[in-house]
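I have placed the structure first, in the form of structure tokens, so that the comments after it can refer back to it.
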Amino acid sequence: MLDIQLIRNDLDAVAARLATRGVALDVATFRALEDERKRAQVRTQELQARRNAASKQIGEIKRTGGDAAALMAEMGAVGEELKQIEAGLDAIQSKLNDILLTIPNTPHASVPVGKSADDNVEVRRVGEPRRFDFPVRDHVDVGAGLGMLDFDAAVKISGARFTLMTGPLARLHRAIAQFMLDVHSGEHGYSEVYAPYLVNAESMRGTGQLPKFEEDLFGVPRADGGKFYLIPTAEVPVTNIVRDTVLAADRLPLKYVCHSPCFRSEAGSYGKDTRGMIRQHQFDKVELVQIVHPDSSYECLEALTGHAESILRRLELPFRTVTLCTGDMGFSAAKTYDIEVWLPAQNAYREISSCSNFESFQARRMQARYKGEKGRNELVHTLNGSGLAVGRTLVAILENFQNADGSVTIPQALRPYMRNEPLIRRA
RNA sequence: GGAGGGUUGGCAGAGCGGUUGAAUGCACCUGACUUGAAAUCAGGCGUACCCGCAAGGGUAUCGGGGGUUCGAAUCCCUCACCCUCCGCCA
């Protein structure tokens with residue numbers, strides 16, 4: 001959520017910044033609603049002040065044994081008007097709030113202006129894609145060849161966009177997550193978190209998934225008629241740890257790492273990445289979340305991105321990092337780096353992590369604050385990034401480390417988690 | 001699932017439907033005293049919002065929402081959460 005004060009004071013500038021990401025802010029409607037709001041609010045508060053004063057007076061008269069009937073009758077009428085005008089004010093404010101909740105974040109000045117992924121800017125490229133002296137198979141064929149990746153079973157059990165892994169491959173999947181958790185908690189200073197996978201609507205609103213992206217989420221009905229949502233990323237429960245709290249300044253930064261399954265409906269992505277486990281309804285991810293002082297959030301974004309990249313370095317997987325352009329950024333982000341891993345079968349770099357600084361956008365929705373230098377409550381800045389997507393990391397290993405005989409070499413860094421086996425091969 | 005109890009300011013804890021934004025204690029801030037500290041004394045000390053160039057004024061807020069009333073922390077309804085006991089259960 002953007003700062004309403006900022007929008008009021010500099011509506012045109014905000015609209016211009018939003019335009020760079022292809023979003024048209026209805027300036028006229030906003031202005032009209034604001035005017036209405038101001039009028040209704042002033043009038044409401046005037047009437048309330050009068051009522052408060054008169055009620056005090058009535059109490060005084062009654063205590064001294066006088067007759068307050070006339071004043072009470074008059075206030076009865078004021079009460080009627082007040083009720084109406086208050087209802088009007090509520091309506092205007094919720095309309096304004098609805099608009100506010102659907103306006104995306106404004107891009108940081110350093111974000112390249114562009115329309116689509118084609119306009120993203122590469123900031124670095126690490127590692128050399130391997131040259132294969134045999135026909136490269138994609139991860140589906142490699143996994144099926146091992147007899148450990150079974151999409152037919154997954155379809156039978158659940159349907160499309162699910163995965164079933166068995167044996168050493170399932171273990172490798174677990175090993176990847178363990179490895180990431182160990183690196184981030186042991187070496188990068190993140191505190192490990194176990195969090196709920198079902199969350200309430202308030203949490204989804206806090207991080208920005210609601211109200212605008214409900215169709216991307218899985219909902220779960222509650223017996224009491226309410227509704228849970230399956231988390232699309234651990235970002236949601238973990239960031240919401242600080243919802244509605246005021247943190248002591250010396251507690252910042254908070255750094256959390258959380259391994260969780262993620263559930264996405266993938267509505268609107270029909271036909272995209274239908275083969276294999278690139279785009280699934282359920283996948284695992286190790287998520288990094290930072291809650292930081294506003295002055296340091298961009299340094300923290302660089303650090304966090306580096307933490308995510310370090311996993312790929314250790315796994316010896318080639319990757320590149322790009323700055324998303326204004327048109328390709330997510331709703332809540334002010335700046336995002338995508339890390340893309342090399343997939344030889346696709347002959348392309350594919351997203352494996354997305355690291356963003358949300359500045360105060362989520363914090364304002366969540367009312368996540370810290371006690372500032374002058375004793376004022378200030379909004380924190382929030383960041384997060386995948387560190388990394390577990391399934392896609394597995395895909396990258398299967399493709400980059402495949403051998404001519406159908407076996408897969410286990411990257412050195414993961415061997416301690418794999419009983420020190422150097423290979424996965426068909427049983 | 002059943003029965004009961006609770007939710008008040010940073011914490012503890014009062015609070016008859018009417019000078020209660022809320023006693024009191026603790027914590028915290030400023031000042032006085034002191035070489036310094038402690039103790040003591042005096043004053044201050046929630047949050048959000050609105051109007052205003054400012055000075056300043058006003059509104060809301062006692063778990064959330066709704067109602068009764070001229071007036072609600074106090075009465076009524078409802079929801080959420082917490083606690084205790086019983087049942088069931090990984």
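Numbered from 1 within each chain, the chains take letters A, B, ... in sequence-line order.
Separating the CD atom of A:E86 from the C1' atom of B:rG65 is a distance of 14 Å, rounded to the nearest angstrom. In this structure, A:Q57 places its CD atom 21 Å from P of B:rU69, rounding to the nearest Å.
Side-chain N or O atoms of A:Q280 include one that pairs as donor or acceptor with a backbone N or O of A:G276 at under 3.5 Å.
A:A49 comes within 4.0 angstrom of the backbone, heavy atoms only, and of no base. The residue A:R50 sits apart from the nucleic acid: no heavy atom pair falls under 4.0 Å. In this structure, A:E80 reaches neither bases nor backbone, as no heavy-atom distance under 4.0 Å exists between it and the strands shown. Nucleic acid contact for A:L71: none, since no nucleic acid atom lies under 4.0 Å from a heavy atom of the residue. Counting any heavy atom pair closer than 4.0 Å across all strands shown, A:M75 reaches sugar-phosphate atoms only and no base atom. Heavy atoms of A:R364 sit nowhere under 4.0 angstrom from any nucleic acid atom. At a threshold of 4.0 angstrom between heavy atoms, the contacts of A:K38 are confined to the sugar-phosphate backbone, with no base atom among them.
Only the C1' atoms considered, B:rC76 is 24 Å distant from B:rG21, to the nearest whole Å. A distance of about 14 Å separates the C1' atoms of B:rG31 and B:rC45, rounded to the whole Å. Rounded to a whole angstrom, the distance from the C1' atom of B:rG9 to that of B:rG87 is 40 Å. Atom name P, nucleotides B:rA60 and B:rU74: the rounded distance is 15 Å, in whole Å.
Taking only side-chain nitrogens and oxygens, A:N52 comes nearer than 4.0 Å to OP1 or OP2 of B:rU59. OP1 or OP2 of B:rA48 sits under 4.0 Å from a side-chain N or O of A:R369. Not one side-chain nitrogen or oxygen of A:R222 sits closer than 4.0 Å to the OP1 or OP2 atom of B:rC79. Remark: A:Q5 is in phosphate contact with B:rC50, judged by side-chain N or O atoms under 4.0 Å from OP1 or OP2. Between A:R43 and B:rG58 there is no side-chain N or O to OP1 or OP2 distance below 4.0 Å.
We find that A:D150 and A:K156 are not joined by a salt bridge, their nearest charged nitrogen and carboxylate oxygen being 4.0 Å or further apart. Look at A:E399 and A:R137 and you find no salt bridge, because none of the NZ, NE, NH1 or NH2 atoms lies under 4.0 Å from a carboxylate O.
Inspection of the A:K335 and A:S110 side chains reveals an N or O donor paired with an N or O acceptor under 3.5 Å.
Pairing for B:rG71 is absent, judged as Watson-Crick or G-U wobble with the two contacts each under 3.5 Å. Across all strands shown, the partner of B:rU84 is B:rA3, judged by Watson-Crick or G-U wobble contacts whose two distances both fall under 3.5 Å. When both distances must be under 3.5 Å, the Watson-Crick or G-U wobble mate of B:rU40 is B:rA32.
Crowding of A:R275 atom CZ: a count of heavy atoms from other residues, nucleotides or ligands under 6.0 Å exceeding 12.
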